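Heavy-atom basis, side chains included; hydrogens, waters and symmetry copies ignored. Everything numeric in this text was worked out from a predicted model, so none of it was measured. Chain letters run A, B, ... following the sequence lines, proteins first and then strands; every chain starts at 1.
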Number of protein chains: 2
Amino acid sequence: MFAFRVLDRSGVPAYLQLVDQVRRGLLLGHLQEGDQLPTVRAVASAVVINPNTVAKAYRELEHAGLAVARAGQGTFVTGNIEQVPAATYARLSGRLRQWFADAREAGLAPEQVRAMVDAVMDDERRRETA
Amino acid sequence: MFAFRVLDRSGVPAYLQLVDQVRRGLLLGHLQEGDQLPTVRAVASAVVINPNTVAKAYRELEHAGLAVARAGQGTFVTGNIEQVPAATYARLSGRLRQWFADAREAGLAPEQVRAMVDAVMDDERRRETA
DNA sequence: TTCTGTGTACTATCTCACTAGTACATTGAG
DNA sequence: CTCAATGTACTAGTGAGATAGTACACAGAA
């Protein structure tokens, strides 16, 4: 069963964090079509948020065509998204993890590492919109 | 003069985005002690947000010891933060940019790239707290 | 001094994410 | 059918972020 991460205080709404995690799971192949998501009440009690907040996330997923809810049964993800090929994923994620390891090795604090990633990603985003 | 990025709709409060950008600038050496930040009113008109929101960000920076406000003159950053050594920064950011270029080359959509980065960073964060 | 530009303070208002509590509809097992 | 578990709907309220508008205090230049 898919497990949601504990929510932080980043300012990102909880329901959006849940949506993003499911979307990410699908993109990276951690979730496959037909997989069942934890029930609304299970997520609510596990992550300690209101069931309505979870329900809102699931509604959002259904609206985006990424999941289907069946009363009495649960919520199941659909494959309406382009997954990253497993081989590509393995290769690139490995290199990325290596980069993080090297950054730690170089003595960078987590905050500094995050700053670098954010800075480069900002540039990437700028490139997309350009 | 430091330039703030246009704000997105990520759910992160605008004033926090401003704070993070200054902190990042200091961490990565894009900002040096004594550098002046754009005035409250300048940022407000450039990014199209309320001056009060910018003032809140600047107050936050001052409270964190990262900036000093001088009435009639402006707000200036201080060096109370550990910067990434320039050589380390150049080497690591170069490799990171290369990784992004390879990801694009592999045909990954921006959304997929971001999902991979988020996933790996989540793991890193988990490692920190562990 | 006067003027201008700066940061700051204050109140009121609005929106939205989230909480709280309750009730209902559907599904499948017994 | 009965029951439990599921997703769903609804109303009301709380709090934070943001806006709007005004006013004030300080610094520097004319």
Side-chain angles (χ1 to χ4, degrees), chain A residues 1-23 31 33-78, chain B residues 1-23 31 33-78:
Chain A
M1 178 70 73
F2 193 69
F4 287 102
R5 290 262 294 122
V6 180
L7 305 172
D8 51 26
R9 298 142 209 88
S10 63
V12 181
Y15 83 100
L16 272 185
Q17 293 190 35
L18 298 181
V19 170
D20 285 345
Q21 283 174 50
V22 172
R23 182 190 305 274
L31 279 174
E33 178 163 6
D35 283 355
Q36 179 174 9
L37 296 177
T39 70
V40 167
R41 290 168 177 80
V43 175
S45 85
V47 187
V48 196
I49 57 178
N50 195 278
N52 286 330
T53 303
V54 183
K56 179 170 186 175
Y58 281 13
R59 243 179 290 132
E60 198 91 353
L61 285 170
E62 187 151 27
H63 185 269
L66 298 178
V68 175
R70 288 198 282 271
Q73 292 186 291
T75 306
F76 303 83
V77 298
T78 65
Chain B
M1 178 70 73
F2 193 71
F4 287 102
R5 290 262 292 124
V6 180
L7 306 173
D8 50 26
R9 298 141 208 89
S10 64
V12 181
Y15 84 98
L16 273 185
Q17 294 190 36
L18 298 181
V19 170
D20 286 345
Q21 283 174 50
V22 172
R23 168 174 281 122
L31 278 174
E33 178 165 6
D35 283 355
Q36 178 173 9
L37 297 177
T39 71
V40 166
R41 290 167 177 82
V43 176
S45 87
V47 188
V48 196
I49 57 179
N50 195 279
N52 286 331
T53 304
V54 183
K56 180 172 186 175
Y58 280 13
R59 242 178 292 133
E60 197 91 354
L61 285 169
E62 186 150 28
H63 185 269
L66 297 178
V68 175
R70 289 200 281 273
Q73 290 186 292
T75 305
F76 302 83
V77 299
T78 66

Starting from [atom2] on [N], measure out to [atom1] on [X] and report it in whole angstrom.
X      : N       : atom1 : atom2 : answer
E60(A) : dC18(C) : CD    : P     : 11 Å
N52(B) : dA12(C) : CG    : P     : 15 Å
R70(A) : dA5(D)  : CZ    : C1'   : 15 Å
I49(A) : dC18(C) : CD1   : C1'   : 9 Å
D20(B) : dG17(D) : CG    : P     : 13 Å
Q36(A) : dG7(D)  : CD    : C1'   : 12 Å
Y15(B) : dA18(D) : OH    : P     : 7 Å
F76(B) : dC26(D) : CZ    : P     : 18 Å

Is any side-chain N or O of N50(B) under 3.5 Å from a base N or O of dG17(D), one able to act as donor and the other as acceptor?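 Counting by modelled atom types and ignoring angles, no donor-acceptor contact under 3.5 Å is found here.
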Is there, by distance only and without an angle test, a donor paired with an acceptor across the side chain of R41(A) and the base of dG7(D) below 3.5 Å?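 Yes, a donor-acceptor pair under 3.5 Å.
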Nucleotide nearest T39(A) when distance is taken to its side chain, options dT6(D), dC26(D), dT8(C):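 Looking only at side-chain atoms, T39(A) lies closest to dT6(D).
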T75(A) side chain, from C-beta outward: closest of dT6(C), dG7(D), dT8(D):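 Ranking dT6(C), dG7(D), dT8(D) by closest atom to the T75(A) side chain puts dG7(D) first.
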Residue-phosphate contact under 4.0 Å: [X] side-chain N/O, [N] OP1/OP2:
X      : N       : answer
K56(B) : dA18(D) : no
Q73(B) : dG7(C)  : no
T53(A) : dT19(C) : yes

Nearest atoms (heavy-atom pairs only) where [X] meets [Y]:
X      : Y      : value
P38(A) : Y58(A) : O-OH, 2.6 Å
Q21(B) : R5(B)  : OE1-N, 2.8 Å
A57(B) : Y15(B) : CB-O, 3.5 Å

Could you tell me whether Q17(B) contacts a base, only the sugar-phosphate backbone, or nothing, with contacts defined as non-hydrogen atoms closer than 4.0 Å?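 Here Q17(B) touches no strand at all.
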Taking the side chain as C-beta and beyond, is there a heavy-atom pair between L66(B) and V77(B) under 4.5 Å?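 They are not in contact (no side-chain heavy atoms under 4.5 Å apart), so the answer is no.
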Within a strict 4.5 Å, meaning less than it, do heavy atoms of the L61(A) and L37(A) side chains meet?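 Counting from C-beta outward, L61(A) and L37(A) do come under 4.5 Å.
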